[in-house]
There are 2 protein chains.
Amino acid sequence: MSSTASSHTAATSPTPAKPAQKRVRRTAEEARRLILDAAEKRLATQGPEGIRLQDIARDVGISHPAILHHFESREGLVKALIARTNTQLREKLLAALSNADDPAQDPIESVFEALSDRGTARLLAWLLLTGRVTDTDRSPQMLMTEIADQLHAYREENASQNGAPAPDREDTFFLAMLTTSVAFGDAIIGRYLAEEAGLDEAGVKRFRNWFGKLLRQHVERTDTPAGDDEGK
Amino acid sequence: MSSTASSHTAATSPTPAKPAQKRVRRTAEEARRLILDAAEKRLATQGPEGIRLQDIARDVGISHPAILHHFESREGLVKALIARTNTQLREKLLAALSNADDPAQDPIESVFEALSDRGTARLLAWLLLTGRVTDTDRSPQMLMTEIADQLHAYREENASQNGAPAPDREDTFFLAMLTTSVAFGDAIIGRYLAEEAGLDEAGVKRFRNWFGKLLRQHVERTDTPAGDDEGK
DNA sequence: GGTTATACTTACATTGCTGTCAATATATGA
DNA sequence: TCATATATTGACAGCAATGTAAGTATAACC
C-alpha cells in the first residue's frame with residue numbers, strides 16, 4: 001500500500017475522498033487532564049512499563065503526537081503526572097488531618113486511608129524506585145514534616161487535657177513515619193499478602209483497625225499520667 | 001573503521017590480522033551467577049528500566065548474546081533473578097527466625113533487618129508492581145504463613161510460661177503482616193523520609209528500636225495475664 | 001463572515017533494544 | 001593429540017517506541 005510518496009501534498013488531485021473528518025477539539029487544560037488520567041490508570045494497572053504514548057493515546061482516543069504537543073516529551077508527561085499526584089496526595093492528606101478535631105474521625109486512620117490508595121502508592125513506589133523525586137517542588141517529605149507537626153499539636157493538646165507531660169517530638173515523628181511506611185507497604189505488598197493468605201476485604205479492614213488500635217494504645221499510654229489504659 | 005563487509009567469512013584471505021583473541025570461558029554456572037549479580041545491581045540502582053541486556057553484558061564484560069545463551073530471553077533472565085532472590089530472601093528470613101530461642105536476638109528485629117535490605121526490597125517492589133510474582137514456585141506469601149506460624153509457636157510458649165491464655169492466631173498474623181509491611185515500606189520510602197528529615201543512621205536505628213519496643217509492648221500486654229507491663 | 005491561534009492528525013525518521021545466525025575459541029575426555 | 005561439546009562473539013534482522021514535520025480542522029475574536 002502507498003507507493004506514491006506525495007499523497008497529500010498534491011491537494012489539487014481530483015480524489016473525492018476528502019472525508020471532512022469530524023475532529024474533537026478540547027481545551028488544552030481538558031486534554032491534559034484526560035491524558036494524565038489515562039497515564040495514571042495505565043501506571044496503576046500495568047506498572048512502570050505501562051506508560052507508552054501510543055497506548056495512552058488510544059485510551060484517550062487521540063493520536064500520540066497530540067500527547068507530545070501538550071507535554072514536551074514522554075519525560076514531560078511523567079513529570080507532570082508526578083507533580084499532579086503529589087498535589088493530590090498532599091491535598092488528600094491535609095484534608096484528612098484538618099478534621100482531626102472531630103473525635104469520630106481517627107486522624108491516623110485517615111492518613112492510612114489516603115495513602116493506601118492503590119494508584120497513589122504505586123506511582124509513589126515507582127518514582128521512588130526510579131529516583132525521580134528530587135526535582136519536584138512539593139515533595140512528599142515536606143509533607144511528612146507538616147503531618148508530624150500537626151499530629152504533634154494534636155497530641156500536645158490531648159496530653160495537656162489529661163494533665164500528662166508533653167510527648168516527645170521524635171516519638172510523634174516516628175509515629176507518622178511508621179504510619180506512612182505501613183500504609184505504603186500495605187498498599188504494595190500487604191494487599192498481596194492478604195489475598196494469598198485468604199484474607200478478604202473484611203480481613204483487611206480488621207487489620208487496619210488492629211493497627212489503629214495498636215497506635216492508639218501507644219499514644220494513650222504515653223499521653224496519660226499513669227499506666228492508665230482504658231480497655232477498648 | 002571496518003569497511004570490508006566479509007572480514008571473517010573469507011578465512012583464506014591473506015590478511016594477517018587474525019588476532020587470535022583471548023577469550024574467557026567460564027563454567028555455565030559461574031557465568032549465570034555473574035550475570036545475575038550484575039542484573040541485580042542494575043535493578044537496585046536504576047530501577048526496572050535498568051535491566052538492559054547490553055548494559056548488563058558490558059558490566060560483566062561479555063557480549064549480550066552470551067546472556068541470551070544462558071537465559072533464553074530477557075524474560076528468562078528476569079524470572080531467574082526473581083527465583084534466586086526469593087530463595088535468598090527465604091533463607092535469610094528463616095535463618096533469622098531459627099535462632100528465635102536466643103533471647104538476645106529479637107526475632108522481630110531480625111525479620112526487619114533481613115527484609116529491609118535495599119536490593120531485596122527494591123526487587124520485591126518491582127516484581128510486585130509489574131505483577132510478576134504468581135508463577136514462581138516459592139513465592140513470598142508462603143513464606144509469610146510460615147513465619148506467622150513460627151511466631152505463633154513462639155508466642156504460645158511464652159504465654160503458657162506466663163500462665164496467660166493462648167494469643168489469638170489472627171493477632172500473630174497481623175503482627176507478621178505489619179512487620180513485613182513496615183520493613184518493606186521502610187526500605188523503599190522510609191529511608192528516603194528519614195534522609196530528608198535529617199535523620200542520620202543512628203536515627204534510623206532509633207526508629208527500629210522504637211518500633212520493636214512498640215511491638216514488644218503489644219505482645220507483653222497480650223500474653224501476660226493482667227495489665228502487667230514491665231517498664232522497659 | 002473572515003482571520004488567527006492552536007489542538008490535532010497522518011506519515012515518516014530515528015533510535016535503541018531484543019533476539020537470531022553462523023563462526024570461533026576453549027575446556028574436557030578419549 | 002585429536003575430537004567433541006559448548007561458551008562466546010560479531011554482524012545483522014526486526015520491532016517497538018519516541019520524536020519530527022507539515023498540513024488540517026475547529027474554536028474564538030474582530
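Model, not experiment: these values are computed from the prediction. By convention in this document, chain letters (A, B, ...) are assigned in the order of the sequence lines, proteins followed by strands, and residues within each chain are numbered from 1.
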Open item on the list: Taking any heavy-atom pair under 4.0 Å as a contact, classify B/Leu68: base, sugar-phosphate, or nothing.
Closed with: base
Task: Interatomic distance where CD1 belongs to B/Ile56 and P belongs to C/dC17 [whole Å] - done: 12 Å
- [ ] Figure out the CZ/P separation between A/Arg58 and C/dC8, and round it to whole Å.
- [x] 18 Å
TODO: Find the distance B/Glu29:CD to D/dA7:P and express it as a whole number of Å.
DONE: 12 Å
- [ ] With the side chain of A/Ser63 defined as its heavy atoms from C-beta on, choose the nearest nucleotide among C/dT9, C/dG19, D/dA27.
- [x] C/dT9
Open item on the list: Nearest to the side chain of B/Gln54, heavy atoms from C-beta on, is which of D/dT8, C/dA7, C/dC17?
Closed with: C/dC17
Task: Min side-chain heavy-atom separation B/Val78-B/Phe71 under 4.5 Å - done: no
- [ ] Look at the side chain of B/Arg42 and the backbone N and O of B/Gly50, then say whether any donor-acceptor pair between them is shorter than 3.5 Å.
- [x] no
- [ ] Answer whether the closest heavy-atom distance between the side chains of B/Glu72 and B/Leu77 falls below 4.5 Å.
- [x] no
Task: Selected nucleotide, minimal atom distance to A/Ala31 side chain, candidates D/dA7, D/dA11, C/dC8 - done: C/dC8
Open item on the list: So A/Ile51, base contact, sugar-phosphate only, or nothing? Heavy-atom distance under 4.0 Å.
Closed with: sugar-phosphate
Task: Atom pair distance, as rounded to whole Å: NE2 in B/His69 and P in D/dT6 - done: 9 Å
- [ ] Whole angstrom is fine here: how far is it from CG in A/Leu53 over to C1' in C/dT15?
- [x] 14 Å
Open item on the list: Measure CD1/A/Ile35 against P/C/dA7 and give the value in whole Å, please.
Closed with: 11 Å
Task: Nearest-nucleotide pick for A/Arg25, side chain only, options being D/dA27, D/dT8, C/dC21 - done: D/dA27
- [ ] Check every strand shown and say whether A/Ile62 touches a base, only sugar-phosphate, or nothing at a heavy-atom separation below 4.0 Å.
- [x] sugar-phosphate
TODO: Answer yes or no: side-chain N or O of B/Arg23 and base N or O of D/dT9 forming a donor-acceptor pair under 3.5 Å.
DONE: no
Open item on the list: Can you tell me which nucleotide in C/dG19, C/dA7, D/dT8 comes closest to the side chain of B/Arg26?
Closed with: D/dT8
Open item on the list: Please report the distance, rounded to the nearest Å, between CD in B/Glu49 and C1' in D/dA16.
Closed with: 15 Å
Open item on the list: Within the 4.0 Å heavy-atom criterion, would you say B/His64 contacts the bases, only the backbone, or no part of the nucleic acid?
Closed with: base
Open item on the list: Of the options D/dT18, C/dT6, C/dC17, whose atoms approach the side-chain atoms of A/Arg52 most closely?
Closed with: D/dT18
- [ ] Report yes if some heavy atom in the side chain of B/Trp210 is under 4.5 Å from a heavy atom in the side chain of A/Leu178; otherwise report no.
- [x] yes
Open item on the list: Which is more 5' along DNA chain D, the nucleotide nearest A/Ser73 or the one nearest B/Thr27? Just name the residue.
Closed with: B/Thr27
Open item on the list: Between B/Lys41 and B/Asp37 (salt bridge meaning N to carboxylate O under 4.0 Å), is one present in this structure?
Closed with: no
TODO: Starting from P on C/dC17, measure out to CG on B/Asp55 and report it in whole angstrom.
DONE: 6 Å
Task: Selection from D/dT8, C/dA7, C/dT26 that lies nearest to any side-chain heavy atom of B/His70 - done: D/dT8
Task: Sub-4.5 Å side-chain heavy-atom contact between A/Leu68 and A/Arg74 - done: no
